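Worksheet: one structure, shown below.
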Amino acid sequence: MSALFEAYNFPVCHLISFYKDINEIVHFPDGTSTYAGIIYWGKPEHYTMIEAAADLLTTRDFPRISDVYEAIRTPGRTKKFMEAMAISNKIVRILKHDIELWLPKSIPLERFKLFQKHPEYRRALNEIGLTDQLDVVSEGCLPEL
């Protein structure tokens with residue numbers, strides 16, 4: 001798993017702090033303002049229910065966001081998950097939507113036009129263990145890398 005994926009795959013117990021951060025309004029010097037929460041469904045009115053769900057998830061072996069997403073990725077899994085966990089449909093829908101937005105998805109390098117045109121580039125990256133865009137971005141985050 002790449003470092004980039006791990007950075008976004010935070011512990012479930014940090015859900016509320018995540019939502020509080022993205023729902024903070026950012027004011028710019030030119031007088032405009034915005035907030036990241038505009039595209040996310042988790043809002044302050046959901047915090048109590050999300051916090052209760054996060055506590056339950058943590059105690060029931062779903063410690064990380066990717067664990068939750070894997071459990072609710074398909075409609076069948078979502079239904080089983082809601083029945084087993086006793087978490088409301090509304091909260092599960094919010095989590096699924098928001099996790100899909102923030103959890104990065106790996107795309108194999110061969111799907112990029114550059115690597116289709118120059119397969120030798122892809123082979124060179126594959127030789128050092130880089131197989132998707134998350135690996136490449138993770139490895140290139142620091143100047144020395």
Side-chain angles (χ1 to χ4, degrees), residues 1-117 121-122 124-126 128-145:
M1 188 174 301
S2 74
L4 185 64
F5 183 87
E6 256 324 293
Y8 286 87
N9 185 23
F10 57 85
V12 170
C13 63
H14 294 163
L15 269 171
I16 293 300
S17 61
F18 170 79
Y19 278 119
K20 286 180 179 178
D21 288 346
I22 64 169
N23 284 307
E24 280 290 315
I25 295 176
V26 178
H27 300 282
F28 297 99
D30 67 358
T32 61
S33 60
T34 190
Y35 70 105
I38 199 164
I39 60 171
Y40 293 98
W41 290 358
K43 302 291 183 222
E45 62 266 21
H46 306 124
Y47 288 174
T48 303
M49 291 185 291
I50 291 171
E51 190 166 33
D55 291 343
L56 183 62
L57 291 166
T58 301
T59 61
R60 296 229 183 133
D61 251 359
F62 292 92
R64 301 194 73 76
I65 292 299
S66 63
D67 300 322
V68 175
Y69 184 64
E70 192 58 35
I72 62 176
R73 193 167 42 86
T74 65
R77 289 182 185 184
T78 300
K79 184 178 178 186
K80 288 178 187 174
F81 180 83
M82 286 187 311
E83 291 168 358
M85 300 298 286
I87 296 174
S88 77
N89 181 31
K90 181 178 185 171
I91 296 303
V92 172
R93 284 183 59 233
I94 288 170
L95 292 176
K96 184 173 183 181
H97 173 270
D98 291 353
I99 291 169
E100 285 177 342
L101 285 176
W102 77 65
L103 200 59
K105 294 156 190 66
S106 62
I107 301 170
L109 294 178
E110 57 266 10
R111 291 190 48 204
F112 292 93
K113 287 182 184 178
L114 173 70
F115 297 110
Q116 291 170 359
K117 188 174 180 178
Y121 296 170
R122 183 179 47 81
L125 292 171
N126 286 345
I128 59 171
L130 306 178
T131 59
D132 61 43
Q133 95 289 3
L134 296 179
D135 291 338
V136 173
V137 172
S138 294
E139 285 298 313
C141 286
L142 300 172
E144 63 269 16
L145 297 175

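Please read all numbers here as calculations on a predicted model, not as lab measurements. We count residues from 1, following the sequence as given.
Across all their heavy atoms, Leu101 and Ile39 have their closest contact at CD1-O, 3.2 Å. Pairing each heavy atom of Asn23 with each of Gly42, the nearest pair is ND2-O, 2.9 Å. Pairing each heavy atom of Asp135 with each of Gly129, the nearest pair is OD2-O, 3.8 Å. Closest of all the heavy-atom pairs between Met82 and Val92 is CG-CG2, 3.5 Å. Taking all atoms of both residues into account, the shortest heavy-atom contact from Leu109 to Leu130 is CD1-O, 3.6 Å. Smallest separation of non-hydrogen atoms from Asp30 and Thr32: OD1-OG1, 2.7 Å.
The aromatic rings of Phe10 and His14 lie parallel to each other, their planes meeting at an angle below 30°, with 60° marking the opposite boundary. By the 30° and 60° cut-offs, the orientation of the rings of Tyr19 relative to Trp102 is perpendicular.
Counting non-hydrogen atoms of neighbouring residues, nucleotides and ligands closer than 6.0 angstrom, the NZ atom of Lys43 exceeds 12 such neighbours. Within a 6.0 Å radius of CG in Asp61, other residues, nucleotides and ligands contribute 12 heavy atoms or fewer. In Ile38, the CD1 atom is not crowded: 12 or fewer heavy atoms of neighbouring residues, nucleotides or ligands sit closer than 6.0 Å.
Without hydrogens or angle criteria, Ser33 side chain to His27 main chain gives no donor-acceptor distance under 3.5 Å. Side chain of Lys80 to main chain of Ala71: no donor-acceptor pair is present (N/O by atom type, distance under 3.5 Å, no hydrogens or angles). Checked by atom type and distance alone, the side chain of Asp98 never pairs as donor or acceptor with a backbone atom of Tyr40 at under 3.5 Å. At least one donor-acceptor pair closer than 3.5 Å links the side chain of Arg64 to the backbone N or O of Asn9. Within the 3.5 Å criterion, the main-chain N or O of Glu110 finds a donor-acceptor partner in the side chain of Gln116. In terms of modelled atom types and a separation under 3.5 Å, the side chain of Asp132 and the main chain of Lys105 share no donor-acceptor contact.
The line from CD1 of Ile87 to CE of Met49 is 11.5 Å long, rounded to the nearest 0.5 Å. Considering CD of Glu51 and OG of Ser17, their distance stands at 10.0 Å, rounded to 0.5 Å. Atom OG1 of Thr58 and atom CG of Leu15 lie 8.0 Å apart (nearest 0.5 Å). In this structure, the separation between CH2 on Trp41 and NZ on Lys90 is 11.0 Å, given to the nearest 0.5 Å. Expressed to the nearest 0.5 Å, how far CG of Leu57 lies from SG of Cys13 amounts to 11.0 Å. Between Lys79 atom NZ and Thr74 atom OG1 the span is 12.0 Å, to the nearest 0.5 Å.
Between Arg77 and Glu70, at least one side-chain nitrogen of the basic residue sits less than 4.0 Å from a carboxylate oxygen of the acidic one, meeting the salt-bridge criterion.
For residues 42-82, the set of pairs meeting the ring pair (Phe, Tyr, Trp, His ring centres under 6.0 Å) definition, not counting sequence neighbours, comprises Phe62-Phe81.
Looking at heavy atoms from C-beta onward, Leu95 lies out of side-chain contact with Ile65 at the 4.5 angstrom threshold.
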